[in-house]
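Input: a single structure, listed below in structure tokens.
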Amino acid sequence: MEVNAGLPVLSHGDTVAGVRLRIVLVTTAFAMCGLVAGCGSSSSGESNGRRDVVAAFYPLAFAAEQIGGKSVDVANLTPAGAEPHDLEVSPKDVGRIRSADVVLLLGHGFQPQLEDAAGSGKDVLRLLDTPGLRLRSNDDPHVWLDPLRYALLVKQIGVALNNRSAADRLVHQLRRLDGEYRPGLAGCAHREIVTSHEAFAYLAERYHLRQVAITGLNPEAEPTPRDLAHVIRAVRQSGATTVFAETLLPRRLAETVARETGARTAVLDPIEGLTSQEEARGLDYFALMRANLAALRTGLGCR
């Protein structure tokens, strides 16, 4: 279950002006690419025997690296510490996409400029179209936060990289992670998770929690004072004692809601990307998901 606190759910690039701007930016990137020597040249993987894989953001890059191993060179187009929604395409990105052997996108407008630049070639995977994925009615893209939905994406990437056995091993790890979450969140004093933006609906659905989101799917959407007051009322009514901020977003809104409701703040990571510090510490998807589980157990008062 989920409460969006009466906020409008914004699509990524939801205005005509935004669409026009996106087209201009992508067209400009392609034009600039044509002026840069080697921008659309053949894949560097051809010389070292490895396949070049371009991934739109961290969860897809992580899966490709785990599955492909030494047989692939993976380029994550979203830099460390960057928020991946509405990432702008550079001429270098266009060159990488053109020369890649496999392009991994989420699709459905999650990163519209990358999707426009990639087109729809046979080597372009739009992973939200994976059979059996079961998206929410609002086209919520955050499927990787549910280990079992993420496992479906992993299998598709394994097919694309011709390594189903490695994909199966990663799927096994994801099922073990699910096996930690189920008992870990079974006996909790609270079932409501108050989050900075509407990123945790699939996780909440899988483990029978209820999300109360301060903002909608677009983390850059600013709530009106009336919307914020509605969130504060919803948090008070729920009895939630923790408001979860995020690693890649400012904490101002979460701190405001916590202050007004007498709750404390903690961090819940949507794992849309790693920070530079997380990269330096060698953290990965599984480490961050287990840190999320620990934060949820503390925040929800789980036994």
Rounded to the nearest 0.5 Å, how far apart are [atom1] of [X] and [atom2] of [Y]?
X	Y	atom1	atom2	result
L274	Y58	CG	OH	4.5 Å
H85	L87	NE2	CG	11.5 Å
L127	H108	CG	NE2	10.0 Å
T247	E278	OG1	CD	5.5 Å
Y202	L133	OH	CG	6.5 Å
S71	L161	OG	CG	7.0 Å

Could you tell me if [Y] and [X] have a donor-acceptor pair between their side chains, going purely by distance under 3.5 Å?
X	Y	value
D146	Y181	no
H190	E192	no
E198	H142	no
H197	E246	yes
T224	D227	yes
T78	E272	no

Is [Y] close to [X] at the side-chain level, that is, under 4.5 Å between some pair of heavy atoms?
X	Y	answer
Q156	L152	no
H208	R191	yes
F200	P270	yes
L77	F57	no
L105	R126	yes
N76	L60	no
L209	L203	yes
F244	V267	no

Note to self: Hydrophobic cluster membership, with links at side-chain heavy-atom distances under 4.5 Å among I/L/V/M/F/W/Y: are L249 and L145 in one?
What the structure shows: no

Next item on the list: Please answer: with hydrophobic residues joined when any side-chain heavy atoms are less than 4.5 Å apart, are L148 and L135 in the same cluster?
Entry: no

Can we say [X] and [Y] salt-bridge, meaning some charged N sits less than 4.0 Å from an Asp/Glu carboxylate O?
X	Y	value
R210	E205	no
E180	R175	no
D178	R182	yes

[X] side-chain N/O to [Y] backbone N/O, donor-acceptor pair under 3.5 Å:
X	Y	result
R149	R134	yes
N292	D269	yes
Q237	A234	no
T298	A295	no
R136	A201	no
Y285	W144	yes
R236	E260	yes
Q211	T195	no

Provide the closest heavy-atom pair for [X] versus [Y] in the form atom of the first, atom of the second, distance.
X	Y	result
P147	L177	CG-CD2, 3.9 Å
A266	T242	CB-CG2, 3.8 Å
L125	A160	CD2-CB, 3.7 Å
A82	L248	O-CD1, 3.5 Å
A64	V53	CB-CG1, 4.1 Å
S196	A245	OG-CA, 3.4 Å

Notebook entry, point to check: Stepwise, does the side chain to side chain donor-acceptor pair (under 3.5 Å) test hold for S90 with D93?
Noted result: CA-CA 5 Å; S90 70; D93 294 333; 3.1 Å; yes

Notebook entry, point to check: What's the verdict on side chain to side chain contact (heavy atoms under 4.5 Å, CB included) for V89 and V94, showing C-alpha distance, side-chain angles and the deciding distance?
Noted result: CA-CA 7 Å; V89 174; V94 174; 3.4 Å; yes

Checklist line | Steps toward side chain to side chain contact (heavy atoms under 4.5 Å, CB included) verdict (I214, V243) | finding: CA-CA 10 Å; I214 298 174; V243 177; 4.1 Å; yes

Margin query: Can you confirm whether more than 12 heavy atoms, excluding those of R176, are under 6.0 Å from its CZ atom?
Written below: no

Margin query: Does R297 have more than 12 heavy atoms from other residues, nucleotides or ligands lying within 6.0 Å of its CZ?
Written below: yes

Check: Step by step, would you call D52 with V102 a side chain to side chain contact (heavy atoms under 4.5 Å, CB included)?
Finding: CA-CA 7 Å; D52 276 338; V102 178; over 6 Å; no

Next item on the list: Run the numbers on K155 and V171 for side chain to side chain contact (heavy atoms under 4.5 Å, CB included), then give the verdict.
Entry: CA-CA 8 Å; K155 289 181 179 181; V171 167; 3.9 Å; yes

